[in-house]
Undergrad: 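Can you read through this structure? Questions will come right after.
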Amino acid sequence: MPATRKLPTELDAVIVGAGFSGLYQLYKLRNLGMHVKVVEAGSDIGGTWYWNRYPGARCDVESMHYSYSFDPELEQEWEWTEKYPSQPEILSYIHHVADRHDLRRDVVLDTKVTAAHYDEDSALWTVRTEAGEEVSARYCIMAVGCLSVPKKPEVPGLERFRGDWYHTCDWPESGVDFTGKRVAVIGTGSSGIQAVPIIAKQADALTVFQRTPNFSLPTFNGPIDQDMVADIKSRYREIREESRQSGFGVAIEPPTRSALEVDPDERHRNYEERWQRGNLTGVLQAYTDLLADEEANETAAEFVRGKIREIVDDPETAEKLCPKTYAFGTKRPCLDTGYYETFNSDHVELVDLRETPLVEITDSGVRTSDREYEVDSLVLATGFDAMTGALLNIDIRGRGGQPLREKWQDGPALYLGLNPAGFPNLFTITGPGSPSVLSNMIVSIEQHVEWITDLVEHMRHRELRTVEATETAEKEWTDHVREVGDMTLYPQTDSWYMGANVPGKPRLLMAYLGGVGPYWQKCQEVAANDYEGFALSA
Ligand code: FAD
Ligand code: NAP
């Protein structure tokens, strides 16, 4: 059934966003017998995997782990084709889930939410759309995504550019063919690093504009290993549970030793063996102190730099590609397929924006402090206003008409990353202050959705009207998130985790580093203790 286009005026719950989070939340609340709709700005469901259709877009959590666990039959039936799923495959998986559970009939597409205001007398939220529609609901659930608001480069001139330009996260559905074109890519985060090798295969000439080099490891992607699939499927329940109890949402053997207590040759062998696994956690989780101690981290960073120098023929280009100004892992590391190798092609050029900063986009290309680069097409792989961007794009007002934008002017504050004090019955899925982007996000999404659903069920059962975090609980949790972050190297690096990629954004670590398992235990304890830290009222 196609998604609906009309919003009713009254609902039990409004969910904003139709990605993995919003769709699962719809499924769960509908199962409680509630009248619920999902409101989605895009023209189809899928969230991240609908918008990010750039060439090479792919997940870097392995297929068997980047999937819902709530439907045991589905996880047995669904067949992934590759070790790491591509964007089209993930999108078709999401469509399959939506059809299987008849979710589309409660999704309102092409509808952007602009405001959500809480009314204290009725204890209802009024959610307003760009087209001026209004719907009131007891619960308002923000499933708006951590990486859903694109960030453009802060240089003038884009409107003057006469060629075609694309942002990786708003890619034309029909695709783009760069054959015969001179192309510029600005940005070398995960999106740029995935797109560059494929664009290079099509384009006549490719110029990559790099401000900060990233650490990238090879995926060694390929057809999925069927023996591994059979093994995982035979013990999926157990594996899912282990993932929920793990640090990052995929169970791994935790490291036991410091990088500094190991003989350098043995350490190198260990890194090499882990590099060959082709995953994000291998090298990064080789030793206990890689994310906490600079000297330990440098051993892994230098190992990766050694790999870059081995792969890239031109020593000058290799040095430019080597990250040297921050600790490995404190900016999100990337997984790639042939990224560094791409710079061995004669028609690919790397421009180091630290040497020659970006000045402007001109009508025919990109100008740095050194010269103008004329191109036919421009690809912006410049990232997102992460974590808070989509929430603060909406005019959210809580008790006393307090705007969330005002409450969060010095940075986001929520209890457990789930609810900001003063905003009753409003929940965020994978919000700031939860493990969120520092985890396999499907695991974190399922945890949040299930916790919110249990709370809503509890409220309905007890005929309660409002639930909201207390100021004290919110402050204690927010301080705890900061303290745990400060025990690591993350705060030293300018990254989007810290809000540092968006000028003027408060600089603080927005995700919780205490681990998916311990975080989940805390949420469970809170629920078991009659929702300790929340005020519930009739
Ligand atoms: P999203 O998928 O972002 O969905 C949010 C939806 O809300 C969007 O469709 C958006 O249009 C809608 N929305 C936002 N604001 C409004 C509004 N005001 N009105 C109406 N609708 C609105 N995570 C991993 O764990 N592993 C990975 O390998 C991985 N790879 C990624 C690759 C890319 C290219 C990107 C961008 C992210 C990746 N992520 C990855 C993170 C990914 O975002 C999550 O895994 C997951 O898909 C998030 O689902 P979600 O439903 O929470 O948010
Ligand atoms: P990103 O990591 O924030 O990278 C953006 C890039 O653009 C950076 O290199 C940044 O440089 C550069 N940039 C931004 N503004 C610029 C400017 N004004 N001038 C020059 N360069 C500029 O964004 P992303 O690559 O889209 O990835 C975001 C996140 O999405 C990832 O970290 C990951 O969590 C997720 N993702 C995952 C995958 C995957 O493989 N599964 C793929 C894509 C995205 P600086 O570093 O100097 O700021």
Side-chain angles (χ1 to χ4, degrees), residues 15-25 38-42 44-54 56-62 65-66 84-85 87 90 94 108-116 127 129-130 142-155 167-169 185-195 209-214 216 219 248-250 280 323 325-326 331-336 353-354 357-358 380-384 386 389-391 393-394 428-430 436-445 448-449 494-497 500-503:
I15 300 165
V16 188
F20 273 107
S21 301
L23 292 173
Y24 185 39
Q25 188 67 76
V38 176
V39 187
E40 167 57 54
D44 206 345
I45 61 170
T48 288
W49 305 104
Y50 163 76
W51 293 105
N52 292 264
R53 291 176 294 248
Y54 60 85
R58 186 177 291 287
C59 182
D60 57 15
V61 171
E62 292 188 29
H65 300 282
Y66 191 78
Y84 290 104
Q87 172 270 329
I90 301 172
I94 295 174
V108 182
L109 295 172
D110 292 317
T111 305
K112 187 170 183 179
V113 168
T114 53
V127 170
T129 73
E130 204 168 37
M142 294 296 176
V144 289
C146 295
L147 295 158
S148 56
V149 175
K151 189 197 90 92
K152 289 184 188 155
E154 302 77 16
V155 287
H167 195 293
T168 47
C169 89
V185 174
I186 301 178
T188 54
S190 301
S191 302
I193 280 177
Q194 286 185 331
F209 292 87
Q210 168 193 279
R211 188 165 66 183
T212 313
N214 247 300
S216 188
T219 55
F248 291 97
V250 178
L280 271 182
T325 57
Y326 63 94
K331 260 170 125 64
R332 180 143 176 327
C334 308
L335 283 191
D336 71 90
L353 296 176
R354 299 275 172 195
L358 197 58
L380 304 179
T382 42
F384 300 87
L391 291 165
N393 263 356
I394 302 172
T428 52
I429 300 179
T430 64
S436 181
V437 292
L438 286 168
S439 69
N440 170 3
M441 288 198 68
I442 306 293
V443 172
S444 291
I445 286 168
H448 269 186
V449 167
D494 283 337
S495 66
W496 63 257
Y497 293 143
N501 65 329
V502 176

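Indexing begins at 1, ligand by ligand and atom by atom, following the structure's order.
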Undergrad: Identify, by atom number and element, the atoms of ligand 1 in contact range of Phe384, meaning under 4.0 Å from any of its heavy atoms.
TA: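 In order of numbering, the contacting atoms are 36 (C).
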Undergrad: Backbone, side chain, both or neither: what part of Tyr54 comes under 4.0 angstrom of ligand 1, heavy atoms only?
TA: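 Side chain only; the backbone of Tyr54 stays clear of ligand 1.
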Undergrad: At under 4.0 Å between heavy atoms, which part of Ser148 makes contact with ligand 1: side chain, backbone, both or neither?
TA: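 Side chain only; the backbone of Ser148 stays clear of ligand 1.
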Undergrad: Assess Thr114 for proximity to ligand 1: is some non-hydrogen atom of it under 4.0 Å away?
TA: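 It does not, in that no heavy atom of Thr114 comes within the 4.0 Å cut-off of ligand 1.
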Undergrad: Relative to atom 3 (O) of ligand 1, which among Thr48, Val16, Val61 owns the nearest non-hydrogen atom?
TA: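 Selected option, by shortest heavy-atom distance: Thr48.
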Undergrad: Would you mind listing which atoms of ligand 1 come within a distance below 4.0 Å of any non-hydrogen atom of Ala41?
TA: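 Under 4.0 Å from Ala41, ligand 1 has these atoms: 20 (C), 21 (N).
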Undergrad: Just distances here: any N/O of Glu154 and N/O of ligand 2 closer than 3.5 Å?
TA: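 There is such a contact, yes.
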Undergrad: Please identify which of these residues, Ser148, Pro150, Ser191, meets the side chain to side chain contact (heavy atoms under 4.5 Å, CB included) condition with Cys169.
TA: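 Single pass found, and it is Pro150.
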Undergrad: Short list, please: which atoms of ligand 1 are under 4.0 Å from a heavy atom of Ala143?
TA: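 The list of qualifying atoms is 5 (C), 6 (C), 7 (O).
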Undergrad: Does the protein come close to atom 52 (O) of ligand 1 - that is, does one of its heavy atoms sit below 4.0 Å from that atom?
TA: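 Under 4.0 Å from atom 52 (O) of ligand 1, at least one protein heavy atom found.
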Undergrad: What about Tyr54: any of its N or O atoms under 3.5 Å from an N or O on ligand 2?
TA: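 There is no such contact.
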Undergrad: Given that the side chain starts at C-beta and the backbone is N, CA, C, O, which of these parts of Ala381 lies under 4.0 Å from ligand 2, counting heavy atoms, or is it both or neither?
TA: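 The part of Ala381 near ligand 2 is the backbone, not the side chain.
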Undergrad: Polar contacts were defined as any N/O atom of the residue lying under 3.5 Å from an N/O atom of the ligand; does this apply to Asn501 and ligand 2?
TA: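 Min N/O separation from ligand 2 is not below 3.5 Å for Asn501.
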Undergrad: Hey, is Phe209 touching ligand 2 through its side chain, its backbone, both or neither, going by heavy atoms under 4.0 Å?
TA: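 Looking at Phe209 and ligand 2, no heavy atom falls under 4.0 Å.
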Undergrad: Report the part of Cys146 (side chain from C-beta onward, or backbone N, CA, C, O) that has a heavy atom under 4.0 Å from ligand 1; answer both or neither where that applies.
TA: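 The answer is neither; Cys146 stays 4.0 Å or more away.
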